[in-house]
Amino acid sequence: MELDMQYFEQMEQKIPHGKVRTRFAPSPTGYMHVGNLRTALYTWLIARNAGGTFILRIEDTDQGRLVEGAVDVIYRTMKECGLDHDEGPDVGGPVAPYIQSQRRDTYGKYADLLVSRGGAYYCFCQKTEEPENADPKNVVKHSCSCPLLTEAEVAEKKAAGLPFVVRQKIPTEGTTTFRDASFGEITVENSELDEQVLLKSDGLPTYNFANVIDDHLMGITHVVRGSEYLASAPKYNLLYEGFGWEVPTYVHCSPVMRDAQHKMSKRHGDPSYEDLIREGYLTDAVLNYVALLGWSPRGELAEQEFFSLPELAKAFDISGISKSPAVFDIQKLRWMNAEYMKKLDPQVFYTMAEPILKKAIQNPAIDLKAVAALVQPRCEILSDIPERIDFLQEVPAYDTELYVHKKSKTTKENSLESLKAVYPVLEALNEWTNEALYATLMALAEKMEVKNSLILWPLRVAVSGKASTPGGATELCAILGKEESLKRIQKAMELLA
RNA sequence: GGCCCGUUGGUCAAGCGGUUAAGACACCGCCCUUUCACGGCGGUAACGGGAGUUCGAUUCUCCCACGGGUCACCA
């Protein structure tokens, strides 16, 4: 077999050296898992922290799983999150192409190279049947006589058009050791390692092979990935050794769990990044939360909870990555999201809330900006808004028991009396602002010699029909306007009578 | 089942041989108050178990238990 050594030389020459280079290499599934997002974030952070290069590579070697438009989801998500890449399919780069399906020839050539170096062999055996139904207690490693085939026999079979795969050759004795940046040194017996397929019969590489080739040819210095690959890492090391290449730094990350024993999964209805955004979470909050889910800052920053992306880039260090799986706590994310919402510039918040407000409130007399200001500190996620403000559109049917409040010492009876006293006073009020309303009602309370709450509680219930509202009685009246407020008080009095 | 990895309160976690074992979310209580919320203050709650090593182990070693990962021509 003839090998084009010049080709390999050319490829080697393209590889950039001397700088940290990381890559996020998703396979296009159509959505971004929270775990994936975290891996992408960490990978980006390692590059940015070191002033290195961040690369986006698409791993689409499984032709049976192609999903329409899935690559766009990746671009959009990365962009939205601010995880910009320096090299990738869309922006190009020195080691293009960045889509694995377009690198098909490369893998084939390197597979041949590895065979010639004794690290792999052509295998003409039949496809392994139904791995899912196999008895896990009785798994057998692949073993066949194909490695014994002479070069002439191989050429003959190939010429005859027999389908074949390329399999990795594993030493029968000894051990293989590799080092992971967070897990440390791990050693396994070579006899435990399977002679895995590197090149499939369709000519495309398996993930295991494509990764090693691409990571090397792209000059990747830090390989960041999920810990599910920890067990196969020794095989990658053998591959690097087989080629005579330098092994990159591995950074394996433990999974994000939905509970103590299950990973987050789309199948179980756990939210993906897009789902969270659709539910009204803020990208920055999600990123902040996810960053701290499995990583924590050291030293001075150990107490800090809020990090912007640049702050994370500055603070990030691999040693802070946790080895054990972390349970995703939506409650804490909600809290963090609420904190981000509160800090938002009111104008920005309004822009985000506007479509929701418009949908919930059709009454043109209501100032949506005022509503936004009221609701901003009182919702944890954007989608909380409708239920908080629906009463502005229409008073919901409510139980008059709402008027009974121990702390305010209100009863249905004294509430009715309060409202009766309030109505004419407000009817006579011309300046319809929160301040004027407040001052007026305070004066009324003083005159009647009752506690503020005896007046304000019934009024708030009367205009909202709710036990809990964003803002107090006078704020609500101010927003509703005089006519609507009086109408609602009138109705409430009828209800109480 | 083999191999690999992990194990600090309900959750995220700090700790890297000597600490009253941080902090955050959640929960509970109190205060503030124009309800709820916000805010302030405080509280409940943890080193999986057993042997070592050591003057001293949450920190180091080993065993066990539990949990996870992996064992595909999927990534």
Enter the distance from A/Asn36:CG to A/Tyr273:OH here, rounded to the nearest 0.5 Å. 13.5 Å
Please report the distance, rounded to the nearest Å, between CG in A/Asp317 and C1' in B/A14. 13 Å
Please name the residue in the list A/Asp270, A/Val290, A/Val286 that meets the side-chain contact (heavy atoms from CB on, under 4.5 Å) test with A/Val34. A/Val290
Rounded to the nearest angstrom, tell me the gap between atom CG in A/Leu292 and atom P in B/U11. 17 Å
Just to be sure I follow the notation: if a pair is Watson-Crick (purine N1 to pyrimidine N3 plus N6-O4 or O6-N4) or a G-U wobble (N1-O2 and O6-N3), each under 3.5 Å, what dot-bracket string does RNA chain B give, with | for pairs to another strand? (((((((..(((.....[....))).(((((.......)))))....(((((..]....))))))))))))....
A/Phe209 side, atom CZ; A/Gln168 side, atom CD - distance, nearest 0.5 Å: 9.0 Å
For A/Phe316, what residues pass the ring-ring contact (aromatic ring centres under 6.0 Å, His included) criterion, not counting sequence neighbours? A/Tyr42, A/Trp295
Separation between CZ of A/Arg488 and CG of A/Leu476, rounded to the nearest 0.5 Å: 9.0 Å
P atoms of B/G56 and B/G6, separation to the nearest Å: 27 Å
Could you list the donor-acceptor pairs under 3.5 angstrom formed between side-chain atoms of residues 299-309 of chain A and any protein atom two or more places apart in sequence or on another chain?
{"unit_1": "A/Gln304", "atom_1": "NE2", "unit_2": "A/Phe306", "atom_2": "O", "d": "2.7"}
{"unit_1": "A/Ser308", "atom_1": "OG", "unit_2": "A/Glu311", "atom_2": "N", "d": "3.3"}
{"unit_1": "A/Ser308", "atom_1": "OG", "unit_2": "A/Glu311", "atom_2": "OE1", "d": "3.3"}

d(CD1, A/Ile318; P, B/C16) in whole Å: 21 Å
To the nearest Å, how far apart are A/Phe183 CZ and B/C3 P? 19 Å
With C1' as the reference atom in both, quote the distance from B/C60 to B/G15 in angstrom, rounded to an integer. 15 Å
Using the P atoms only, state how far B/G23 lies from B/G42, rounded to an integer number of Å. 10 Å
Determine whether A/Glu380 and A/Met341 make a side-chain contact, defined as any pair of heavy atoms from C-beta on separated by less than 4.5 Å. no
Please measure how far the P atom in B/C64 lies from the corresponding atom in B/G10, and state the result in whole Å. 27 Å
Reckon A/Val188 touches a base, only the sugar-phosphate, or nothing at all at heavy-atom distances under 4.0 Å? sugar-phosphate
The nucleotide from B/G6, B/A13, B/C73 with an atom nearest the side chain of A/Val165 is B/C73
Sequence neighbours left out, what pairs pass salt bridge (Lys or Arg N to Asp or Glu O under 4.0 Å) with at least one residue falling in residues 443-456 of chain A? none
side-chain contact (heavy atoms from CB on, under 4.5 Å) partners of A/Lys263, counting only residues at least two apart: A/Glu228, A/Pro255, A/Met257
Report the distance from atom CZ of A/Arg167 to atom SG of A/Cys146, rounding to the nearest 0.5 Å. 8.5 Å
Nearest-0.5 Å distance that lies between atom OH in A/Tyr207 and atom CZ in A/Arg225: 4.5 Å
Test of understanding: with side-chain contact (heavy atoms from CB on, under 4.5 Å), list the residues that count as partners of A/Met448, not counting sequence neighbours. A/Ala421, A/Leu444, A/Val450, A/Ile455
A/Lys200 side-chain N/O to B/A75 phosphate OP1/OP2 under 4.0 Å: yes
Over all strands shown, is A/Cys125 touching base, sugar-phosphate only, or nothing at heavy-atom distances under 4.0 angstrom? base
Taking atom P in both B/A37 and B/U70, compute the distance separating them and give it to the nearest angstrom. 44 Å
Which residue pairs satisfy the salt bridge (Lys or Arg N to Asp or Glu O under 4.0 Å) criterion with at least one member in residues 453-468 of chain A, sequence neighbours excluded? A/Asp390-A/Lys466
For residues 179-197 of chain A, which residue pairs qualify under salt bridge (Lys or Arg N to Asp or Glu O under 4.0 Å), counting only residues two or more places apart or in two chains? A/Arg179-A/Glu185
Summary of protein contacts for nucleotides 34-39 of chain B, nucleotide by nucleotide, where a base hit scores B, a sugar-phosphate-only hit scores S (4.0 Å, heavy atoms): BBBBSS
Nearest of B/C12, B/C16, B/A75 to any side-chain atom of A/Leu293? B/C12
For A/His252 and B/U70, what is the distance between atoms NE2 and P respectively, to the nearest whole Å? 12 Å
Considering only the P atoms, how many Å lie between B/U53 and B/U44, rounded to the nearest integer? 37 Å
Are OP1 or OP2 of B/C73 and a side-chain N or O of A/Thr206 less than 4.0 angstrom apart? no
Tell me: NZ of A/Lys141 to P of B/G1, nearest whole Å? 20 Å
Give every pair of a protein N or O atom and an N or O atom of nucleotides 63-69 of chain B that lie under 3.5 Å apart, one pair per line with the distance.
{"unit_1": "B/G68", "atom_1": "OP1", "unit_2": "A/Gln261", "atom_2": "O", "d": "3.4"}

What is the separation between atom CE on A/Met336 and atom C1' on B/U11, rounded to the nearest whole Å? 14 Å
Figure out the CG/C1' separation between A/Asp194 and B/C3, and round it to whole Å. 13 Å
C1' atom, B/G52 versus B/C71: distance in rounded Å? 35 Å
Can you pull every protein N or O that's under 3.5 Å from an N or O on nucleotides 22-28 of chain B?
{"unit_1": "B/A22", "atom_1": "N3", "unit_2": "A/Glu303", "atom_2": "OE2", "d": "3.3"}
{"unit_1": "B/A24", "atom_1": "O4'", "unit_2": "A/Glu305", "atom_2": "OE2", "d": "2.7"}
{"unit_1": "B/A24", "atom_1": "O2'", "unit_2": "A/Glu305", "atom_2": "OE2", "d": "2.6"}
{"unit_1": "B/A24", "atom_1": "O2'", "unit_2": "A/Lys332", "atom_2": "NZ", "d": "3.4"}
{"unit_1": "B/A24", "atom_1": "N3", "unit_2": "A/Lys332", "atom_2": "NZ", "d": "2.8"}

Using the C1' atoms only, state how far B/U33 lies from B/G40, rounded to an integer number of Å. 12 Å
The residue, A/Pro205 or A/Ser254, whose nearest nucleotide of RNA chain B is more 5′ is A/Ser254
May I ask you to decide if the ring planes of A/Tyr403 and A/Tyr398 are parallel, tilted or perpendicular, using 30° and 60° as cut-offs? tilted
Going by the side-chain hydrogen bond (donor to acceptor under 3.5 Å, both in side chains) test, which pairs reach into residues 284-293 of chain A, not counting sequence neighbours? A/Asn288-A/Tyr340
